[in-house]
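Only one structure is covered here, and it is reproduced in the block below.
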Amino acid sequence: MNVLLEFLLRFVAQLQSPTLAFLIGGALLAATGSKLTIPGSIYQFIVFVLLMRIGIEGGIEIREANLAEMLVPAVFSVLIGLVIVVLGRIFFSLLPKVKMEDGIATAGLFGAVSASTLAAAIVLLEEESMMFEAWVPALYPFMDIPALILAIVLANLYLKRKHAGGTHPVRIFQIVKDSLRGAALSALVLGLLLGLFAQTESVLSSFYDPLFRGFLSILMLILGMEAYARAKELRSVAPWFALYAVVAPVVHGALGFALGYLAHILVGFSPGGVVLLSVIAASNSDISGPPTLRGGIPSANPSAYIGASTSLGTPVAIAVCIPLFHSLAQVVFNL
Amino acid sequence: MNVLLEFLLRFVAQLQSPTLAFLIGGALLAATGSKLTIPGSIYQFIVFVLLMRIGIEGGIEIREANLAEMLVPAVFSVLIGLVIVVLGRIFFSLLPKVKMEDGIATAGLFGAVSASTLAAAIVLLEEESMMFEAWVPALYPFMDIPALILAIVLANLYLKRKHAGGTHPVRIFQIVKDSLRGAALSALVLGLLLGLFAQTESVLSSFYDPLFRGFLSILMLILGMEAYARAKELRSVAPWFALYAVVAPVVHGALGFALGYLAHILVGFSPGGVVLLSVIAASNSDISGPPTLRGGIPSANPSAYIGASTSLGTPVAIAVCIPLFHSLAQVVFNL
Amino acid sequence: MNVLLEFLLRFVAQLQSPTLAFLIGGALLAATGSKLTIPGSIYQFIVFVLLMRIGIEGGIEIREANLAEMLVPAVFSVLIGLVIVVLGRIFFSLLPKVKMEDGIATAGLFGAVSASTLAAAIVLLEEESMMFEAWVPALYPFMDIPALILAIVLANLYLKRKHAGGTHPVRIFQIVKDSLRGAALSALVLGLLLGLFAQTESVLSSFYDPLFRGFLSILMLILGMEAYARAKELRSVAPWFALYAVVAPVVHGALGFALGYLAHILVGFSPGGVVLLSVIAASNSDISGPPTLRGGIPSANPSAYIGASTSLGTPVAIAVCIPLFHSLAQVVFNL
Amino acid sequence: MFHKAIKVIVVTEKFLQDRVCSLMESCGGKGYTLVSAGGKGLHHLHATDDKASVAEGLGNIKIEVIVRERSKAETIAATIMKDVFSEYPGIIYLEHVEIWREERF
Amino acid sequence: MFHKAIKVIVVTEKFLQDRVCSLMESCGGKGYTLVSAGGKGLHHLHATDDKASVAEGLGNIKIEVIVRERSKAETIAATIMKDVFSEYPGIIYLEHVEIWREERF
Amino acid sequence: MFHKAIKVIVVTEKFLQDRVCSLMESCGGKGYTLVSAGGKGLHHLHATDDKASVAEGLGNIKIEVIVRERSKAETIAATIMKDVFSEYPGIIYLEHVEIWREERF
Ligand SMILES: Nc1ncnc2c1ncn2[C@@H]1O[C@H](COP(=O)(O)O)[C@@H](O)[C@H]1O
Ligand SMILES: Nc1ncnc2c1ncn2[C@@H]1O[C@H](COP(=O)(O)O)[C@@H](O)[C@H]1O
Ligand SMILES: Nc1ncnc2c1ncn2[C@@H]1O[C@H](COP(=O)(O)O)[C@@H](O)[C@H]1O
Ligand code: NA
Ligand code: NA
Ligand code: NA
């Protein structure tokens, strides 16, 4: 009860947080038909700077970290990514009138990770001074890639069974490469390497760091606009996708929280780390997941999975899951 | 005499101000045929950031403001917008060889407001620490929208009289919507709302504020380039438009100053507020006014009104009116 | 021996410098086929901001400088630009299977100057607090323009001899105008003028300065990507171009160092100035030189000269020459 | 198999894009392709997006719609001509093309 | 002198660009021209680059290849139809053009 | 009413844009449309504006001019061929179009 009340209070407070306010602002702009747009090139640049900031920061601190500690959370991340896809596969197979490939692709996208949701959570933890291990953002690919691979494998197994022999072989290595080559993971990994091996402290503190919050605010505006714009597409597919998009992030986040808590007990994973793991689990890939899935499951309808993710999944992850798991951690860890 | 001398000294000093220097620099670049360009996407982003900064800043401070104080200046703003258009209508009707629609559209653009001129004036007041009420930038739409509506109404009345019955009905609500949906007003209003309702202090001070002057300098460069480029177009229409573009900003600014001074006496409107009101009156819309007018008065020749505004009106408003009304305020208010 | 050892140590240390690390990072991205790209409009904006920063900074400090001191280094810069082209002309004429125009164009590009290499050197000197005269960046055009002119003249003389009378007249004034109108030199000169004549201190310190290192890091990333991408083109021409691209920057830098040292003895040119002069000499034009050469020597194959410059010349200038001449200066000037 | 079809091309200012596109759809066009453009005609010189243009929506846009029947193409062209280009700048023209998967056009 | 030739035009999503271009080259196209686009068809609405689109590679691209022989054009079209458009959205069509310097195509 | 006309299309590098446009105008073209492009031919690979290209003006531009008479189209093409493409990379070709408001072309 206490948790619920605290969560409710916190949630109302969060509505005032810049992150959420900009998200809502973007949706409002789109809803009122405003001609204000953020150009595509600015968006690409913003995503690049945000992920470089997260990567470099992580890379610098990883230098002194005991990477062995990362093992358990990394294994859990892989596990979460896989479990999410399996759960989604089961959920959609229980429903009538859902094209199975669409369901599996959606589950894949929700198993994968959103860079923007991750950035928003990091800003919140930094503001609230809740510490987390420097390498936590590096868990991203450990959940993202297995989820995408499993979704593509399951979809192709399914299609093979349906039209015997009619599908392509699944090239796992190709999917891994595709994922790592995507703009989001490339920037994160590049940042990690630069932070780890080069003297990037000064450029981090003079450039990437000061721009972080401002660029995040603009990214939220873009996500809000896109959420509104894609809502129409989501309406063109079965309502089950909307239901999934609202509920799944909370369930996945809870799964992340549970395993994070286990890691806390087993290897002393930090409370902030538990929150971030939950948010990574709750988030769904918005930038680089879609093209990978389109490559791997061509017959799936992108309006279903991109619509579900962009117009509902991401807003729920940011507006509901971030404050939810943050306040849960405060209660659970007595902070 | 004293005022004149002080103004002249101040004006010479202002030629060194970054705002004006970048404006002149842009014109020089264009005049020398430089290949240096600022891409369109960067321009859009700069305008967005500037107006968000003005809006958020205003929104934050409005929270504690007594909005009743805003009433008189807001009414005066509407009045100024309307009077400017009526004056312009009369001026152009007295002249030979001027297509009436072109004249009315030009008057509409000069009654409307320029976001960049407003930003330049705010920077000057902040540098000189001349205080103004936080809500003054919010006067923008109160002058902008009535001026555009009146111009479109007058033009259509005129056209209806000319070719009896041949014109469209004027949809006032549509014009209001179009204006508010334009990129400039959207960003300003969004910023105001965010500043008012969300905790945007930290993103303002870490991002929007530090970029303000730098982005303004680049905007001035772009305005300077465009002023030079559009001068050719202005030469293709009657010279009366050039005359109007040079004189009108000063006259409109004086009108703004007079009514601002009245508001000072009536309700204690601040000296800085009086300067900003004069500058808003002196300015002419460069970003969102033109498409609204093209929609509302299709038969008007954009070379006339965009040429007059961009190649002369805006430079005069920035280079002459800002220092003029600033120094006038210093003398009048004994600062 | 000592110098060599010190250089080797310094070189290994430099591999960690952000400048070099981002350059290598860019090449890695391209090599792994990453889809991460920096949009063209962002690149243009970055180059603009970097050169404005260098120009304004220089312009501000030149106000108090004794420009007579600039005379000797300026004359030496012209000399270096011309000598580099003559040396290149001789080098390529000694080789078999090299199309002479391609060789001369390449020599012209290596005689001309790279804004990005210059920026990288300035960052290093500022970090290491090695002082240099404020006007040193203004030496850029003194080397750049004569080199481009001489290359175009030599190429056309050569072509005229080959097909008697078949070529265009060389319009030197046109080449000077073309060079100064290029995006890089325009921005540098504009910045110098603004720094010199306007009160740009506050916009410099609030905007152009803080962005300098960060934008340089992104520019390095872009140069790294492009170096990798153009390597293919370089492979399509004779291997002599690759050899030239590796060796010439060091030779040219040494020439710059020697003349810089002479200027040190003659007129007290600062150690930092000597380093910058060497780096300017070692660098090769990447932004605005290519279009000027394409205009002036149409029959030269751009794959030869742009490939040589972008894929090898610039990386060598940044990764080898900057640390080399910096450490040489430390030894020679006992710093 | 290829089938003969007609492409209607419009070049006009960006702020008219929505209006032109919805006219195309209301006259039976099943899709359209948009390309950012610049250019020169009787009116202004329009820069491409490479160069900032101060006023919103002044850049050009090229809008192409492919339809199977010439009559439909002519209806689209005539409607746009009447509703848009009687007042605003822009050009409109047709090209003969050959399409695959005719049922989509 | 002008020579008759055929232009094959493909409009599809950007993430398919590399695949389409290499199919064009492997079927004998000697060059191609790329233009960033937006548009609407049976599937999504694609914004032009004027507007940010969150997912990578969702924007449209227009790819044009000019070839001398109609048979080659048909091979290119058929190959892309089979290898790409059996699964992914996009349109393909031909136009008749007249080229100069025929040896380059 | 539609009238037959000819469109001349040039694809070349951006730094040649001004030169090509003024040749088009001096040969009687009354307007032109510009589109930013990328592409591949005998020479470099040109990226679209999506991707930074270090050297200025190396991107491609597509320039289209519509004229009423075939003779004018051929003059434009021949002039550009001689003055520009004897030295620089680029392609030029014609298309048959049908225009509305013929007096504008
Ligand atoms: N003769 C032409 N050939 C190609 N494009 C043209 C031509 N005339 C006009 N245009 C295009 O149509 C736009 C509007 O033309 P206008 O209405 O004449 O200003 C111009 O900006 C050009 O992009
Ligand atoms: N009838 C049409 N005319 C012009 N372009 C079209 C048409 N149909 C589709 N397109 C273009 O082809 C893309 C993919 O079409 P679709 O596969 O139908 O979604 C669209 O986004 C449009 O750019
Ligand atoms: N066969 C072709 N089809 C379409 N576009 C081409 C073709 N060949 C060349 N191009 C375009 O023309 C530009 C210049 O060609 P080139 O002079 O061959 O390098 C290329 O970058 C392409 O955009
Ligand atoms: Na997830
Ligand atoms: Na006004
Ligand atoms: Na050099």
Contacting region of [X] [heavy-atom separation from chain B under 4.5 Å]:
X: A:F212; value: neither
X: A:F215; value: both
X: A:L221; value: side chain

Subject >> Side chain to side chain, B:S77 and B:I280, heavy atoms closer than 4.5 Å >> reply: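 Side-chain contact under 4.5 Å: no.
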Original post:
Atom OG of B:S285 and atom CG of B:D144: how far apart are they, to the nearest 0.5 Å?
Top reply: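 The distance works out to 5.5 Å.
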Original post:
Is there a donor-acceptor contact under 3.5 Å from the side chain of A:D286 to the main chain of A:S114?
Top reply: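 Judged by distance alone, no pair lies under 3.5 Å.
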**OP:** Could you have a look at B:S41, B:P210, B:S288, B:S202 and say which one has the most heavy-atom pairs with chain A under 4.5 angstrom?
**Re:**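 With the most close heavy-atom pairs to chain A, the winner is B:S41.
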Original post:
Looking at B:T200, B:L211, B:L190, which one has more heavy-atom pairs under 4.5 Å with chain A than the rest?
Top reply: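 When all of B:T200, B:L211, B:L190 are compared, B:L190 has the most.
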Subject >> Engaged part of B:I56 at the chain A interface, taking heavy atoms whose separation is under 4.5 Å >> reply: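 Side chain only.
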Original post:
Contact part of B:Q199 toward chain A, heavy-atom cut-off under 4.5 Å: side chain, backbone, both or neither?
Top reply: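 Both parts, backbone and side chain.
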**OP:** Using the six-membered ring of B:F207, assess whether NZ or CZ of A:R213 lies under 6.0 Å from its centre and within 45 degrees of the ring axis.
**Re:**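 No, a cation-pi geometry is absent between A:R213 and B:F207.
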Original post:
So, B:S283 versus B:T117: side-chain donor-acceptor pair below 3.5 Å or not?
Top reply: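 Short answer, no.
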Subject >> Sequence-distant partners of A:S311, side chain to side chain contact (heavy atoms under 4.5 Å, CB included), two or more places apart >> reply: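 Once residues adjacent in sequence are excluded, the partners of A:S311 under the side chain to side chain contact (heavy atoms under 4.5 Å, CB included) criterion are A:R230, A:A231, A:L234.
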